[in-house]
Structure formats: structure tokens, C-alpha cells
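Only a predicted model underlies this, so the values are computations on that prediction, with no experimental measurement involved. We name chains A, B, ... by the order of the sequence lines, and we start the count at 1 in each one.
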Amino acid sequence: MTAEQFLAYAESLTGLVRVPLPSGDPLLYGARATLDDGFIYYDAETTPWLALYYQAHEFAHHWLHNGGSLCSGEDVDFTDSEDKALYGEGRIEAYGPHQRRETEANVFAREFLLPGDELRRFYLEEDLNAGRIASRFGLALDFVLHSLAYALLAPDVEDAFNASKIEDESETQGANSLTLDESQRAAAHSAHTPLLVAAGPGTGKTRTLVGRILHLLDRGVTPDKLVALTFSNKAGEEMRERVERFAPDAAPKIWVGTFHAFGLELLRRYWQQAGLPPRARVLDPVDALFILERSLPQLGLDHYQNLYEPTTHLGPILAAISRAKDELVSPDKYAELAEAMLTSARSEGDAGVTRRAERAAEVARVYRFYQSHLEREGLLDFGDLIFRTVRLLREREDVQAEVQAQYRHVLVDEYQDVNRACGVLLGLLADRGEGLWVVGDARQALYRWRGAAPAQVRHFLNDFPHGRTQALTVNYRSLPPIVSLVSAMASQMRVLPTTDGQTEADAKAERADFCSWHAHRHESDATQGEVSAVSFEIATDAAAEAREVARLIKSRKEGGIPFCSQAVICRKHSQLAKFARMLEAEGVPALYLGDIFERSEVRDLLALLALACDGIGRTLPRVARFPEYNIPLREVRAVLQDAKKTGRKFPGALTSFRPTKDVGVIARDEIRRAMTEADGTESLASEEDGAGKEGLARLIYHLAHVAHLQSAWKMLANYLFVRSRYLAPLLADNSSAGTQRRLAVCQLLQFLHNEGARAVEATNDPDARRAILRYVRRLKSLSEDKSLRPIPTSAEGLDAVRLTTVHGAKGLEWSCVYLPYLGRGHFPAKRQHELCPPPAGMVETFPDGEEGADEAQKDSHLEEEECLFFVALSRARDSLCLSRAERYGGNNSKASELLEKIEEHLPRAANGPATWSTEVEQDVTAVISESAQQAADTKPLFTERQLGAYLKCPRKYFYEQRLYLSGRGQETAYLRFHSCVYETLAWLAGERMAGRLAEDSVAVFQEDAQAQLARLWRVKGPVGHVYEAFYRGQSALMVVRAVRHYARARGRLFQQTWLIERPGAFVSLTPDYVELIEEANSATLLFRQTRTGRPPAKTPDEDIYALFYAIAAEHFPQARLRVEVLYLSTDETIELNLSRRTINTRLKHYDDAIAGILSGEFPPEVSDHQCPRCAHFFTCPKAED
DNA sequence: CGCCACGGGGTTTTT
DNA sequence: CCCCGTGGCG
């Protein structure tokens, strides 16, 4: 059943759906008093989904009261729910598997709500097959909610499915028969193998490959001797589709797919020979992270150890491990390479290389642990699919011979994406290359971070000395000006093409003709009204750039080019996100969901979830802003303050704050609304009046009916489809922005539904809702939330401009392509430093440790960026619009060096004057600040902590200081550990000041200090935490060190709060350690900040140190000053010497913070790094507005 | 001309 | 948190 059919069914219910009122909670469906006959009515025509939902309830009600019984699996828990009231206490005891009359429930679910096939689509097939569904009557309600989600939120699935069919890449060639031009035919029919077909963009690579398959079949090769491999699923599916179209009979017998899938197939077939257990499973990468996380304390990391967040580096470490597998480097080999690197680096005394080598050695330890874990558990990760297959073929000649005998013809698409491991696999498969036929374009090698290198293409002739290459030189995609631009870029690139020449010198000599493709299309094909196929514009700023691009898009749409044939391509997602927002603002429909957890509707719903389960109402400020509640901030403040005072937990704390209007009356309004409004867009007049109180009452009413639902999915589905009107504006919004908001909600519901169980397992939090919230933060901070990025296939049919990264654009084409952000530092992107550098010698191309290594890496990075630019340029069929701005985000921006490369082929100079400009609007809004009226003599007082918090993120300060919300997230193990250490230090200072600790009594005193630590630990430490032992050990060590430092004190110690006067306010500060050492004719004042971490690579530059200078200047003008930072992790001390200038700029930071607070400015400080770890992550609007 | 310090920004993504 | 580029100052 499609979404439409579903709605049609719902709408076909005639008249009113009558739902009997249960005898329990009077609020369950509203106020019974208003409805005399004991029934509520829902109008099926105006609120079909609600009617349908209640119809299911009604059925359940009747069923139970006629002797039916209720059974439930873990998905449906009625014990603590409103359903208990509905179904009656007595019936619940019938819980259990396989109760009588279960088939009736099944019949109901299958026949009445959704036809059987749809059950399969909407629910887990395995549940159905196991007959489990039959025993879960309650799932009927879930089906309804699921169906609602699809029907209301996702665009028409059928259309999208049809639209997603891949078109043949050239309009000029027929769709049902495969015609090849002369050189394509030469390549496809070549008798010579191995053959490398070196091609450019739009030259018909894949169709030539399909031509090869047809040719082989014509020559009588049986289909099961053919295997066609590629790197990505996307390319694999495309290949399969074409093979099916052109060779429908043979297609099922030809092996078409990815290298990894092929590896898996061989491993399954020969599992015994490969030494695998019979049912080896493929490991999900996210689970790989969790495996390491669980075992972290026993890994003994040093360089990658981070007290504050022990898991920070696991992602990069895992990436380094999979890189190793891409290079066929085993844990032993990795360790060996790292060891060798370490030895030579130490003997040469090179500190930088030593550090890298030590890091590599540490990764080697993790790799070894990880691999043995996989083997023990019978798990294969993606890298193993290739690695183990290679090992199988290498070690078992019988298997290799059998495989070679079967697959006589090996074809490879996207050969430039083949990495070392896949390359070796190919060699083993095709022995001396006989039967090997590959096609690729070295200039489109984008996947270097996975080990795919253009060198692979270049080395083809080394790997297969009998090989030959052949070029495809006709571009079928683009108009001639675009083809020349692309060719010009190609001739400038440092990637060397492959030719028949055996040396690089030959290759260079032949480069010129190779990279100048011949355009098959003619200038006259150009769209009417199009001035030139290639344009280049310079805008004054990013806003002007977006506005003008938007204008072009709209004018082309009017000229007959639909939005979906136009694409904006950027280098990275952060640029796309900004651009999408600006395009939407200009009224251009753009298809880009971005990061769904950054979207305001998704955060709204997560905030609601948090409100129901976090207990402290942290996200109330956000939920209060939902249109149907619209609770003013002062009321939110009052509620929060009250909750803090009385210690009541949310959501219960809401109700202690009695709204003036009776909840029952609100409830009645709710019913009436549901009955009278078509889609809920009209607002009731009463809403305007008592706004705050009524909004609060409505929120209480809604929460009362969903907050008990333990699963996040269920709670939100109920909230959205049954209780609240949150969706009303989204459903009424027909713009593409509305569609995307609905899609985002749909994606969120699916995520919650699919990941709920895993979240509980991964976070170890028994509350499923809290678990999923923690899980979201964790995914984000591990950067593992990308799987939610691709636009769901159901949206592919929408007529909206495509926004995509260059990587995402690979293999695709559009009529018009826009390439904005061509500024230096934006494209090419800045090179990232390597967190986990591979050991020297692992990757052949970079001779590590040498002087030139860094240069080589820089070069390779630029080479990759060139490839990206080349791919981006070559996506356009009819027009290509390049642009840059003179300013991006307040910084001047010069033209990208890539633009300079092709400057001669552009209509104007890369650094010429702006052609798109913003008319400067003077926005003279009067800024009214409350503080202006403040009397000058009552200077406010701020603590350093407060100002420090403001400097980190003003919005965070606002939540914590103005809304009384605690800044602490859940008490993490680190925080508990930290407070134990710090309290022990404070105690130490006291002991020292009381004279009980002196240098000669240190030994005895150490024991006292440890006892003190142990006492604190029992009460406040992370007792029972998985990493407790680790933190306990660290804390003991730190206390030992701290005692030594305190014992060394000679002078007078101060444990007190100091005041520093600044122009706008007083600042108070309590330093960890202040010692005044007075000597004969001089005095030294020592400030020592004690930190638990390790010293940073650069000198510490926190603002707080400037305040030490200010204290000294004010209170000890005569004394010499010494500022130290003690790091207890390593027992190192760093002395700071700040210049006058530095001190002043830092103090100015505090002054700015004071001014900001006093004038009421609390903008959020957006940071990918900090935000997921911030307590207000789900509340904060961040960059949404 | 060279050094230091401030401040901005934080990839790309597949199996 | 941590790197790198830029810009200001000596």
C-alpha cells in the first residue's frame, strides 16, 4: 500500500468514528462531561489519522471486553501506561506468549489496518515469519503510527522510485540498444588483455564496460565466467542495471558488484580453507568503536589517552587500522614498522618523528588487540573482506586455481579507486592479467584517504607488463566550452595520465593530446537565451554570491530547466549547509537535509524527549517556544526556579506549578480542536489571551499522556500523531522547506525506531529515552552520525536544486552546475594534520621521516584537491557557473589557486573586480540595554568562572546564570574523579597552612593524603564505573605528586578569594595556590595553577593567567611574580611569562565579557567540537536562526 | 624581516 | 582541544 492508498483508506471511513470512553482516567481522551453519551467522536474526514488511531483503540477495547486477551512482547509495555486504564486492570494479567485468540489480533492487524504485504514493509519480516507478530496485539497500534509516519511525512514513494531510475548518460545514444563509437568499440572488442581503458569524464566508461560484456557474450563466453567489480555500491548498482537492460538473459549469472561483496562471497564459499568459523559475521563500524571503548583501560594508551574524554581518539585510531588493512599490513607488520621507525628516529634524535613513531606504536597495540578480538568472536570488518580473501588465495593454491578457472574474465569499473589491497586481489584473481579489462580515470581519484591512488592506474603497466592502454577521448556530456575548460584543467594537473609510454618522460610528452577531449555536442545545442556555457563571477560577499546564484537558478527554471536539473556543488558540508540556508531564504527549493541533528524540528523533538526523562527540565526553554505552548521566558524562569527550590523532578515539576486554567478545560479544548479543525492551522482566539498559563497547561496535558512511554520512538510517535499539533504547520507547508522538515522528522522517527535497542546497549542506560539522547551525542562527538546524511530515496523525485559535495557528485551530471566558494582556503580545502600517522614505509608513496615527507604530503594533498576540482567542473552538461566572494564571514578571501590555473579560459580574471555586489543596508536598530540605566556606583561582581563560561559560549552562560540550569551534564566519571582530586588538593592546602605538612614529614603525610582521597572516593568517586580502576590509579598518582609540591612550599600560603577591579565590574578569583616567598630584600609571589591533564604542545594561553598578574599588580606591587602551571598527569611544570601586551588583550577579553553580559547579549558560540558535549546541546538554537 | 600571538575553524566517506 | 595562517609589532 502506498502512502496515498493509506490515506485514501483512512479517508474512506465515513462519518464519525465513535470511541467509547473508558472508565479510568477522565483525561484520557478529554473531558467526559462534555460528551453525554459516553463516547467521543472523531471526524474521519477532517482528522483521518486520528480517527484511524482511535479506531484501533476501539477495536482493542471491544476485543478485550469480549474475552480477548492481551499479550505483549518487549516492544509494547502496557503495564505503566494509559492503556492500563483503558483495558482494565483485570485484563493485563493475561500477559504472556501465545494467548488464546491471538489469531484475531493477527487478522485485525493484517486485514483491517494494513494488508499483509504492507506489514512486511512496515515491520520486521523476521518477526512475521517467526509468528511473533501474532502474539503482539499491541503492535497493531504501532503499525498505525508507522503508517502515519510514512503517509504524512514522506513524499510519494512510487514517484520517487520511478524518478530514481538511472538515465543513460548520453541523450544522443539510444536507450534500448547499446551503440558504441569507434574508440569505445575498439576498447570493448579488444582482443588484448590486460587492457586499461583510460578515459575522461563523460566519455562513456561504464557503457564501454557493458559493451565489453556484450562482446564477450557474443563470442560465446558463458556468463558465469564473468565478474565485473567496482568500488562503490552506487556504481555497482548502476552497472548491474545496465547489464540487466542490455543482456537480460545472461545478467543473473554474471557476478556484478563491489570488491567487498565479492570478497565476502569467496570467504563464505571457502570458509573452511580460509580458517573461518562457519558463521562469521560482518562487523558494523559503529560497533567496532564500541568494542574499543569497552576495552580502553586495558589498552594502556599514552599519546592517545585523554582523561577528560577517554574515547576521543578511537575514531581516528580505527581509521588508521582500516588504512593499514587497505595496505595489507597486519598487526605484526604494523608493530614491526613502528618499532623500526622508533629506533631510527631515536638514534637520529628527531623529536617530531619520534613522537609520530610512538603514536604509530600505540596504534599497533590497539590494532593487535582489535584484530585478536575479531578473530575470537568470529567477526570480520570491512577491511578483512579483502585482506582475508587475499590471504586465502595466496595461501591456498587449490582455491586460487579454482577461482581463477571460474572467473576467466575480470572487469573493473572505476579502476582509479582501487587501493593496494584490492589491487593485489585483482592480481591473484587474474593471475598474469589474462582476461583482465579495466576502465578508469586517474584524474577522478577522490578516495585517497582509503588508499586509492592514481598511482594504481599509473602502475598498471608495472603490475601487468603485458598490458596495454587505450584511451576514450570523446566527451558526450558537455558543450564545447565546458569540454575545453575541463581539458585545460586536465593539462595543468600534476596527476600523470597513463599512456603506452613506459616511462614518466614519455607520459609527459604525450600528456597534451591525452587531456584534450573532443566534444561530441555542438554549441548550437545550447539552451536558448544562454549567453555562454561557462561563466565566472566575483561577489562582494557570501550573501551576494548566494543571492545571485539563486537569481540565476530561478531564471533558468523559468527558461525551462527544472530545479532538479540544476546543482550546487561545494567542497564540504559546512559550505553546503550555509548555502542551502541562503538559497531557501531566496525562495529557491533546495534539497539538502544536512545534519539532521542540527535541524530545528529534530532538536525540538529531542528537547521534548529530554524534558520527559532528564528530570531537571533543562530543555524546557526550548519546548516552551513551540507555537502551541508559547510560554514566555519569565514563566519558564519561574518554573525552573521553583523546581530548583523544591527539588522536584521534571516532568512532574511542571504540575506543581498550578496553571490558573483547569487542565480539564484545556483537555476539552483539545478535543474540540481535533473535531473542528481540518489541519490545525487555525488558531483559537483563546490562545491569544492567557498565553503563558494556557500554553503551560497544554504542555502538561500533552506530557501527561506521553511521558510514561518508555521507548523514544513510541513517545514521539504518540506525541506527534495523537496528542500534539506540532506537525500541523509542517503538514500545511507545501514549500520544499516544508517537505524537508517533514522528511527530517520521518528520518528521526526511523532513527529512533531502528537504533533504540542499540543505544541502550551502547550507553548502558536502562532508560531507553535517555539512552538514545546520550547515543546521539556520542555519535556526534565520534563523528559517526554521517549515515543519516544521505537524502532518503523517497525524496529523490522532488523538483528542487541538488546540493552536494564534490564526492557526492562523482558519477552524476546536471544541466546547470554552480560552483561557489572558490576562495583560497575554501577550495582547495586546508590540509588536516594527521592524528594517527602511519609508520614509515606503510604507504609506499610517502617516504616517511625524510625531510621531504611533509612536502610530499602537501603535494599529494594538492593533487587530490585538483582531482576534486576536475570532477566538479566536469559535472555540467550545458552551463557551468563558477563564483567566489571577496569576503567570507568577515575575512578577506583571495581567489582559489585552482581558479588561477584555468584563468585564461574564464571570462574574467580570477582576482578581478567584483561583479555581484550587495547594496549596503544600514540597519539602524536601536539597541536598548537594561544596563544603561544601572547606577554607576554599584559595580557588579562576577566570578572568573562566570566570565570564563561567557567567553567560551555566551549562550551557555545564559542558560546557567539566567535560567538556573546546571551546566553539568550527567555526572561523568571524569568529573567525579576530578572533584575527588581537587577536594584532596584543597584539604592539602589547608593542612599545609595549618603547619601539619612539612618537608620532613612527607612520607607519613603521603599516607594521610591517600586516606583522605580514599574517603572522598567512596562518597564522590566514579564507583562502579567501567573505567573506575583507571581513574582511581591516576588519582592516587596525582595526589602523591601534589603532596610533594605542597611540602616544598617555603613561604606564606594564601587560600582566599581576590577581587580585581575592571572598568565595568569587579572580578573575583580563587587561585589554586598562591605563595609569597619573602627573602632579605626581595619578595616573590608564586601563582601555581594545578591541572589534572598533560601539558599542551603549545604554551597555555588561557585568559585566567592574566588575572594573576592583575592580582599581583593590585595587592603585591613590590613582589616579583612567578606564574606556573602544574600538570599532574606528567608532573611537569610550565612557567609562564606574559608580555604586557598579552596581559592587556586577555584582560580585555574579560572586559568584553562583562560588557556583553551587561548589555544582554548571549549569542551561541557554535563549535562542532564543544556542542555535542555541552549540557544544553538539545536546547540551544545554535546556528538555526 | 622574523617572531609571536591571536583568532578562526574543525574535510572528504565507502565497505 | 589543537593546529595553522595571518597580521601586527619589534
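The NE2-P distance, from A:His861 to B:dT12, rounds to 12 Å in whole Å. In this structure, the CD atom of A:Glu863 is 16 Å from the C1' atom of B:dT12, given to the nearest Å. Separating the CZ atom of A:Arg831 from the P atom of C:dC2 is a distance of 19 Å, rounded to the nearest angstrom. Across the protein-nucleic acid pair, A:Tyr888 atom OH and B:dG9 atom C1' stand 16 Å apart, rounded to whole Å. For the pair A:Gln575 CD and B:dT11 P, the interatomic distance rounds to 12 Å; values are reported in whole Å. What separates CD1 of A:Ile569 from P of B:dT12 is a distance of 15 Å, to the nearest Å. The separation between A:Leu1136 atom CG and B:dA5 atom C1' is 14 Å, rounded to whole Å. Between the P atom of B:dT12 and the CG atom of A:Leu446 lies a distance of 14 Å, rounded to the nearest Å.
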Check nucleotides 13-15 of chain B against the protein and report each pair of N or O atoms closer than 3.5 Å, with its distance, or say if there are none.
unit_1, atom_1, unit_2, atom_2, d
B:dT13, OP1, A:Thr805, OG1, 2.7
B:dT13, OP2, A:His573, NE2, 3.0
B:dT14, O2, A:Arg450, NE, 2.4
B:dT15, OP1, A:Asn233, N, 2.3
B:dT15, OP1, A:Asn233, ND2, 3.0

Quick test: give all pairs of protein nitrogen or oxygen and nucleotides 5-10 of chain C nitrogen or oxygen below 3.5 Å, distance rounded to 0.1 Å.
none

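Residues forming a side-chain contact (heavy atoms from CB on, under 4.5 Å) with A:Ser574 (at least two apart in sequence, or on another chain): A:Lys572. For A:Arg571, the salt bridge (Lys or Arg N to Asp or Glu O under 4.0 Å) partners are A:Glu865, not counting sequence neighbours. With sequence neighbours left out, the ring-ring contact (aromatic ring centres under 6.0 Å, His included) criterion links A:Phe751 to A:Phe597. Not counting sequence neighbours, the partners of A:Ala580 by the side-chain contact (heavy atoms from CB on, under 4.5 Å) test are A:Tyr592, A:Leu803. Remark: A:Arg240 pairs with A:Glu244, A:Val256 by the side-chain contact (heavy atoms from CB on, under 4.5 Å) rule, at least two apart or across chains. In this view, A:Ile1143 and A:Ala1106, A:Tyr1109, A:Leu1138, A:Arg1140, A:Leu1147 satisfy the side-chain contact (heavy atoms from CB on, under 4.5 Å) rule, not counting sequence neighbours. Partners of A:Asp417 according to the salt bridge (Lys or Arg N to Asp or Glu O under 4.0 Å) rule, which considers only residues two or more places apart in sequence or in another chain, are A:Lys810.
Taking atom P in both C:dC3 and B:dT13, the straight-line distance is 25 Å, to the nearest Å. Separating the P atom of C:dC1 from that of B:dT12 is a span of 23 Å, rounded to the nearest Å.
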Check your understanding: Can you list the steps and then say if A:Tyr821 with A:Glu545 is a side-chain hydrogen bond (donor to acceptor under 3.5 Å, both in side chains)?
Key -> CA-CA 9 Å; A:Tyr821 278 105; A:Glu545 187 178 23; 6.0 Å; no
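Checking the phosphate oxygens (OP1, OP2) of B:dC4, no side-chain nitrogen or oxygen of A:Ser1139 falls inside 4.0 Å.
Heavy atoms of A:His1149 sit under 4.0 angstrom from primed sugar atoms or phosphate atoms, though from no base atom. Nucleic acid contact for A:Glu1165: none, since no nucleic acid atom lies under 4.0 Å from a heavy atom of the residue.
Between the side chain of A:Arg571 and the base of B:dT11, a donor-acceptor pair under 3.5 Å is found.
Using a 4.0 Å cut-off between charged side-chain N and carboxylate O, A:Arg323 and A:Glu327 make a salt bridge.
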